[in-house]
Amino acid sequence: MPLKPRPFLNQQYNTWCSHARLGWDVLREKGPGKVTFWFIALAIGISAGFAALFFRKGINALQAFLYGTEDVQHLHSFIGSLDWYWVVLIPTIGGLTVGLILHNFTRDARVRSVGDVILGAALHEGRVETRAGIASALASLITLSTGGSSGREGPVVHLAGVISTLVSRRINASGITGRDLLGCAVAAAVSASFNAPIAGALFALEIVLRHFAVHAFAPIVIASAAGTVINRLEFGGLTEFALPTVGDMSFYAELPAFLLLGLTCGVVAVFLMRGIFWAEDFGNFIQARSKLPRYLRPAVAGAILGVIALWFPHIIGVGYETTTRALSGDMILHEAVVFAVLKIIAVSITLGGRMGGGVFSPSLMLGALTGLAFGLIATGVFPTMSGATSLYALAGMGAVAAAVLGAPISTTLIVFELTGDWQTGLAVMVAVSMSTALASRLVHRSFFLTQMERRGIHLAAGPQAYLLGMFMVGRIMRRPDDLRAANQETCWDLIGEGTYIDGTATLEAAMPIFEQSGAAFIPVVTLKPESPPELLGALFHVDALKAYNRALAETAAEEHS
């Protein structure tokens, strides 16, 4: 007669079956979703990597065609042999072409760049403008090919954002998913542009998403690795810059010098950022006073750059040849100082003239020149206590770039990956920390966040400041047919006192009115020219606070998940 199973074993068997069914349900509902998301991240990484690769090769091909040289890496040396009218004419025509593209395909004739990607991550669920983004990428490609003095990382990052936006719209991604996909695209684009997988992933987390949430780390790393593979399939494992010597440093004796170098680079970075913003404001002023058509503004900037390039061709393009010379110590003090000053002027003209491009590559060049000039002085004053001038150039390159981007971690790593020199970490870290700390006190934390601040978007202050701008008053108000609607007679009394708000405004405009009036609700109206306001409903203070608190909670949950 068969033995009956014991009650204890039977209970354990049922428990194990229950756990197995639960595990299968979790795997079916959540596991495949995550795996699918990682495959999507991989696909976006490959797409963004190819976009960055084609953008880079497109610049080289167009540059070689226009200037008539196959060796675009040494374009500055070749320009001196061209007739003067070609040097002026090429950037002028390039600027005119850029102006026509932006005039016809963007609403404000402005190139989209990294700041717009950060804005998309913060306020638009990881989406960026697609039509304007594609036009901006084409305009920046022409700018960098025809003599604009800017970098290629800005347009590449936004182009990657366009790719992730198209995918997010296709799959109807939520805010968190859309932002993660945007981070994947950015990481792959940076990695493919500079052969820097670690820095690419941290760039996306530190600059674009502005948090280091665990849930975003794995897909961003996958995408970053994919972008790097694409770069290395084309260019191999070579670094962007080859240093002639390994940095040698007398640690205790030279550390104060690198502290001073960091402060110097912080000041230089602020001059660069404020120079760009001043050029933008001056360009707006001149354009308004002269009634210059907006499509001619980049052409004027290109003509000015062409005239400067007649004497100083190093301002043309990204400037890797000059950066390599600075890192190699192949300059005298006078050259390094003059080239640095002229680079600030050229970048300001390029971006202030709305020709397009990024600021990262120019900040690398400016930092290398600043570091070299500082190193030449330091080694001249204290020859027995100082190492190689190339070490100062390397540290300066990281220090200026970190201050401009407001990203000390990813910038430090990208400098190491660009040069392949990991033995000078202490010098670079000291200089980067000092420059970032100083520059962040003099601007709104970084170039990109200061750009947003100038547009009235307070990203630098954190979510507690910019989240209010996400909510339209018209979406939160209570309409007159609502069961909890405000008394209309009281609403009209408040309107007569001047206490009301337009239906198209945001909570950022509404909250100060609540504080000043002390009212429980504010009438929401439609304002029309030469017509009395039309009552749409009422915004209650408690509803505004609930929406704001909910957004803060969701942001905190995302950043700590």
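Values below: all heavy atoms of this structure, side chains included; hydrogens, waters and symmetry mates excluded.
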> Has the side chain of Arg297 got a donor or acceptor atom that lies under 3.5 Å from a matching backbone atom of Gly352?
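Here the side-chain-to-backbone pair exists.
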> Cation-pi check, Arg152 to Phe194: give yes when NZ or CZ is under 6.0 Å from the six-membered ring centre and within 45° of the ring axis, no otherwise.
yes
> When you compare the side chain of Phe55 with that of Leu144, does any pair of heavy atoms fall below 4.5 Å?
yes
> Quick one: does Leu53's side chain get under 4.5 Å of Asn231's, heavy atoms only?
no
> For Arg170, look at atom CZ and say whether over 12 heavy atoms of other residues, nucleotides or ligands are found less than 6.0 Å away.
no
> Find out whether Met477 and Met472 are in side-chain contact, i.e. whether some heavy atom of one side chain is under 4.5 Å from a heavy atom of the other.
no
> Check for a donor-acceptor pair, side chain of Arg112 on one end and backbone N or O of Arg110 on the other, with a separation under 3.5 Å.
yes
> Name the orientation class of the two ring planes belonging to Phe514 and His541 (parallel below 30°, tilted from 30 to 60°, perpendicular beyond 60°).
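Because their plane-to-plane angle is under 30°, the rings of Phe514 and His541 count as parallel.
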> Are any of the side-chain nitrogens in Asp281 or Arg274 under 4.0 Å away from the carboxylate oxygens of its partner?
no
> Using the six-membered ring of Phe521, assess whether NZ or CZ of Arg478 lies under 6.0 Å from its centre and within 45 degrees of the ring axis.
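So Arg478 doesn't make the cation-pi contact.
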> Might you point out which heavy atoms bring Phe540 and Ala486 nearest each other, and give the distance in Å?
CZ-CB, 3.8 Å
> What residues form a side-chain hydrogen bond (donor to acceptor under 3.5 Å, both in side chains) with Asn172, not counting sequence neighbours?
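Asn172: no side-chain hydrogen bond (donor to acceptor under 3.5 Å, both in side chains) contacts found.
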> Between Arg354 and Glu280, does any side-chain N to carboxylate O distance fall below 4.0 Å?
yes
> Is the count of non-hydrogen atoms from other residues, nucleotides or ligands lying under 6.0 Å from Arg479 atom CZ greater than 12?
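12 or below, so no.
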> Roughly how far, to the nearest 0.5 Å, is the OG atom of Ser47 from the CD1 atom of Ile230?
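So the gap between those two atoms works out to 8.0 Å.
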> Side chains of Asn284 and Arg289: do they bring a donor and an acceptor to under 3.5 Å?
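Asn284 vs Arg289: no donor-acceptor pair found between side chains.
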> If you define the side chain from C-beta out and look only at heavy atoms, does anything of Met355 sit under 4.5 Å from Ser150?
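Result no, sub-4.5 Å side-chain heavy-atom pair not found.
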> Taking atom OG1 of Thr106 and atom CD of Glu129, what is their separation to the nearest 0.5 Å?
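Reported to 0.5 Å precision, the distance equals 8.5 Å.
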> Is there a donor-acceptor contact under 3.5 Å from the side chain of Ser361 to the main chain of Gly151?
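Looks like no, no N/O pair under 3.5 Å.
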> Between Leu449 and Arg210, is the side-chain contact (heavy atoms from CB on, under 4.5 Å) condition met? List the steps.
CA-CA 11 Å; Leu449 296 183; Arg210 302 176 65 215; 4.1 Å; yes
> With a 3.5 Å distance limit and no angle check, can you tell me whether Ser435 reaches the backbone of Val432 through a side-chain donor-acceptor pair?
yes
> Closer than 3.5 angstrom, by distance alone: can the side chain of Glu153 be matched with the main-chain N or O of Val359 as a donor-acceptor pair?
yes
> With sequence neighbours left out, which residue pairs that include part of residues 499-514 fulfil the side-chain hydrogen bond (donor to acceptor under 3.5 Å, both in side chains) condition?
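As it turns out, the side-chain hydrogen bond (donor to acceptor under 3.5 Å, both in side chains) pairs with a partner in residues 499-514, which skip direct neighbours, are His458-Glu508, Asp502-Thr504.
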> Arg127 side chain to Glu125 main-chain N or O, any donor-acceptor pair under 3.5 Å?
yes
> In residues 177-188, what donor-acceptor pairs under 3.5 Å come from side-chain atoms, sequence neighbours left out?
{"unit_1": "Thr177", "atom_1": "OG1", "unit_2": "Ser174", "atom_2": "OG", "d": "3.2"}
{"unit_1": "Arg179", "atom_1": "NE", "unit_2": "Glu558", "atom_2": "OE1", "d": "3.2"}
{"unit_1": "Arg179", "atom_1": "NE", "unit_2": "Glu558", "atom_2": "OE2", "d": "2.9"}
{"unit_1": "Arg179", "atom_1": "NH2", "unit_2": "Glu558", "atom_2": "OE1", "d": "2.7"}
{"unit_1": "Asp180", "atom_1": "OD2", "unit_2": "His215", "atom_2": "ND1", "d": "2.9"}

> Keeping the roles fixed (side chain from Thr436, backbone from Ser433), state whether a donor-acceptor pair exists under 3.5 Å.
no
> Are more than 12 heavy atoms from other residues, nucleotides or ligands located less than 6.0 Å from atom CZ of Arg294?
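Counting neighbours around CZ of Arg294, more than 12 heavy atoms of other residues, nucleotides or ligands fall under 6.0 Å, so yes.
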> What do the steps show when you test Leu123 against Tyr466 for side-chain contact (heavy atoms from CB on, under 4.5 Å), and what is the final call?
CA-CA 8 Å; Leu123 298 182; Tyr466 68 76; 3.4 Å; yes
> Examine distances only and state if a side-chain atom of Thr228 and a backbone atom of Ser224 form a donor-acceptor pair shorter than 3.5 Å.
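Yes; judged by distance alone, with no hydrogens or angles, the pair exists.
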